[in-house]
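Read the structure below first, then the notes.
Along the sequence shown, the residues carry numbers beginning at 1.
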Amino acid sequence: MSRCVGWRSSMLSAGRCSSVKWLLWVVGSLPVIGGVLAWLGPLASVVAMGMLALGMIAALRLDALLMVVLVALHLYLDWYLGLHLIVPVLAVAYLLLCYLLRSPRHPWAQLRSAGMWGVFLVLTLYPAFRGGSLMLYDAASFYPSDILGALLMYWLGLQVGHDTASLRRFFQLFTLLAVALALHTLFQSVTGTILFASARVDDFLSRTDVAYYQLLDSDTHRAGSFFIDPNWNGAFFAMLSFIPLGLLVTGSRWWQTLCWSLALSLLVLALMCTYSTGAWLAFLCGVGAFLYLVGSLRHRLLILSLAICSFALLAWFFPGQLALQLQHAGGDNELSLRVAAWSTALRVIQAHPWFGVGLGHQAYLLASSTYRVPEQFVPLSHPHDSYLEWAAMAGLPVLALFMLLLLRVSNQSWTNWRRANVSDRPLLGAGLAASITLSINSISINGWTHFALAPMGWLLLGALASPRLGRPVQHLDREVEQHVDA
């Protein structure tokens, strides 16, 4: 056993040395990099410094930190600014780096269900080309984010979740990002200003009929933050609220309880500022799922008490906002317009069952006009339901394959939850509850087909589905010994 321990230590040291060499190489090239930056100019300098920071994080194999940075970049650069392809390219590069720098400390996780993913990539090529031929924006969005991006983020999640400590670290950093976005949403709700706003987005909103998402018969505006649409913003906070809740339940020290309680409170307040009825309903369903997944009666009683106290405090301190939420949920055109959009989508699916009308908002907007029911009094570029969207835009076979992939990955995560220790189950249960919340919310909006939300969901499921999670420690030790002997 001492021999194995010695070999294991040497292998871990070798892995650290490899990362240190990469870091020394980067630091040694700083004078050259500085000269190039001075020549390029301010904007290029910012880009180059950002790439240098990403390179240092990657060289040190800070996987959890890099994943959260990629999520933030994908939200702001690819989605909000409309650059589309920045993070998919970075994800491919980092997957290659993970393979080259694999070690017992940072094991390489092979792609699970590779055959199904391969069929999914091929089967969606024609719908993506058909829809993308009508609009370049759709060509640069649907396949890179919802299809290839889903595969890449799921695979990166497998690299992150190689043990419970790594999963916890990933959840902690993801919560920090969610808190930052919650503060930004609250700032927008109070001041009406979006920090680091895009003139392109402001111009788009000014030319549409959303009136900056103002609630009827009031001067209150729904906050969309970098997600633009408040429903997508609400879906994000409804999903991510379970991550600090899982950390709160598993925290062992008072300051951890205080930090995660504060984070959870900020996310719920931000969710309230979106006034998204679908997000609230999905969040409540997610709470029910988490009550089961938390794994113990004591934790269930704690969560129930926390939920009751939270809603009592919201009703006490924010009665006006809750009244507006109920008024918005019961609006004349809320549910009826959703049902009409679904009815139109069903007509489109009936007319184009095999290949759909093409993966694109422009393709659906043009094709659905022929099948629009009278109750849908405005043209829509998507059916406000991810599952109907897959079927209407890409065909029923693609919808069936997407559902099989989602169920397969969820089953992998469920298996890890069942194998996990009782003390670790709330952490995995929080991730599962988050994915369940997104799945339920996707009935009322395009959650699993949104260019920013969907990659986040697949990243979470990938981290939960890692084959090393939930295994006994002795089994993992044997794997390390086999790696050393090889």
### ring-ring contact (aromatic ring centres under 6.0 Å, His included), paired with Phe242, selected from Phe174, Trp260, Phe283
Phe283

### Query
Testing Phe402, Tyr364, Phe142 for ring-ring contact (aromatic ring centres under 6.0 Å, His included) with Trp390, which one passes?
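When ring-ring contact (aromatic ring centres under 6.0 Å, His included) is applied between Trp390 and each of Phe402, Tyr364, Phe142, only Phe402 qualifies.
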
Once you round to the nearest 0.5 Å, how far does [atom1] of [X] lie from [atom2] of [Y]?
X	Y	atom1	atom2	value
Arg61	Leu97	CZ	CG	6.5 Å
Leu453	Asn441	CG	CG	8.5 Å
Ile243	Leu248	CD1	CG	12.5 Å
Cys259	Trp254	SG	CH2	8.0 Å
Asp146	Ser141	CG	OG	8.5 Å
Leu406	Asn411	CG	CG	11.5 Å

Of all heavy-atom pairs between [X] and [Y], which one has the smallest distance, and what is that distance?
X	Y	answer
Thr437	Gly286	OG1-CA, 3.4 Å
Pro107	Arg468	CG-NE, 3.7 Å
Ala182	Leu266	CB-O, 3.7 Å
Ala420	Leu428	CB-CD2, 4.4 Å
Asp385	Ile443	OD2-O, 3.0 Å
Phe290	Ala433	CB-CB, 3.9 Å

Are the side chain of [X] and the backbone of [Y] linked by a donor-acceptor contact shorter than 3.5 Å?
X	Y	result
Ser198	Leu81	no
Asp138	His361	yes
Arg112	Ala465	yes
Arg102	Tyr99	yes
Asp78	Leu73	no
His184	Leu195	yes
Trp155	Ala109	yes
Tyr387	Met403	no
Tyr76	Phe196	yes
Arg425	Arg419	no

Using distance alone, with no hydrogens and no angle criterion, decide if [X] and [Y] have a side-chain donor and acceptor under 3.5 Å apart.
X	Y	answer
Arg222	Asn231	yes
Asp163	Ser166	yes
His450	Asn446	no
Asn416	Ser466	no
Ser113	Gln412	yes
Thr449	Glu389	yes

### Query
More than 12 non-hydrogen atoms from neighbouring residues, nucleotides or ligands closer than 6.0 Å to OH on Tyr137, yes or no?
yes

### Task
Evaluate whether atom CG of Leu407 has more than 12 neighbouring non-hydrogen atoms of other residues, nucleotides or ligands under 6.0 angstrom away.
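Yes, enclosed.
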
#### Entry: Check against side-chain contact (heavy atoms from CB on, under 4.5 Å), Phe237 and Leu181
CA-CA 9 Å; Phe237 292 119; Leu181 292 174; 4.2 Å; yes

Please confirm whether [X] and [Y] have ring centers closer than 6.0 angstrom.
X	Y	answer
Trp232	Trp448	no
Phe227	Tyr80	no
His84	Trp79	no
Trp458	Trp117	yes

### Message
Against the six-membered ring of Phe171, is Arg168 placed for a cation-pi contact (under 6.0 Å from the centre, within 45° of the normal)?
### Response
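That pair does not qualify as a cation-pi contact.
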
#### Entry: Leu247/Thr175 under side-chain contact (heavy atoms from CB on, under 4.5 Å): CA gap, chis, key distance, verdict
CA-CA 9 Å; Leu247 294 169; Thr175 299; 3.7 Å; yes

### Task
Show your reasoning for whether side-chain contact (heavy atoms from CB on, under 4.5 Å) applies to Phe236 and Leu271.
CA-CA 8 Å; Phe236 171 79; Leu271 173 59; over 6 Å; no

### Message
Checking side chain to side chain contact (heavy atoms under 4.5 Å, CB included) between Leu95 and each of Leu158, Leu90, Leu156, which is the one that passes?
### Response
Leu156

So do [Y] and [X] actually touch side chain to side chain, heavy atoms under 4.5 Å?
X	Y	value
Ile147	Leu359	yes
Leu258	Leu262	no
Leu176	Leu173	yes

### Query
Do Thr185 and Ser189 pass the side-chain contact (heavy atoms from CB on, under 4.5 Å) test, and can you show the C-alpha distance, the side-chain angles, and the key distance before you say yes or no?
CA-CA 6 Å; Thr185 297; Ser189 180; 5.5 Å; no

### Query
Any Lys/Arg nitrogen of Arg200 or Asp202 sitting under 4.0 Å from an Asp/Glu carboxylate oxygen of the other?
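Salt bridge absent between Arg200 and Asp202.
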
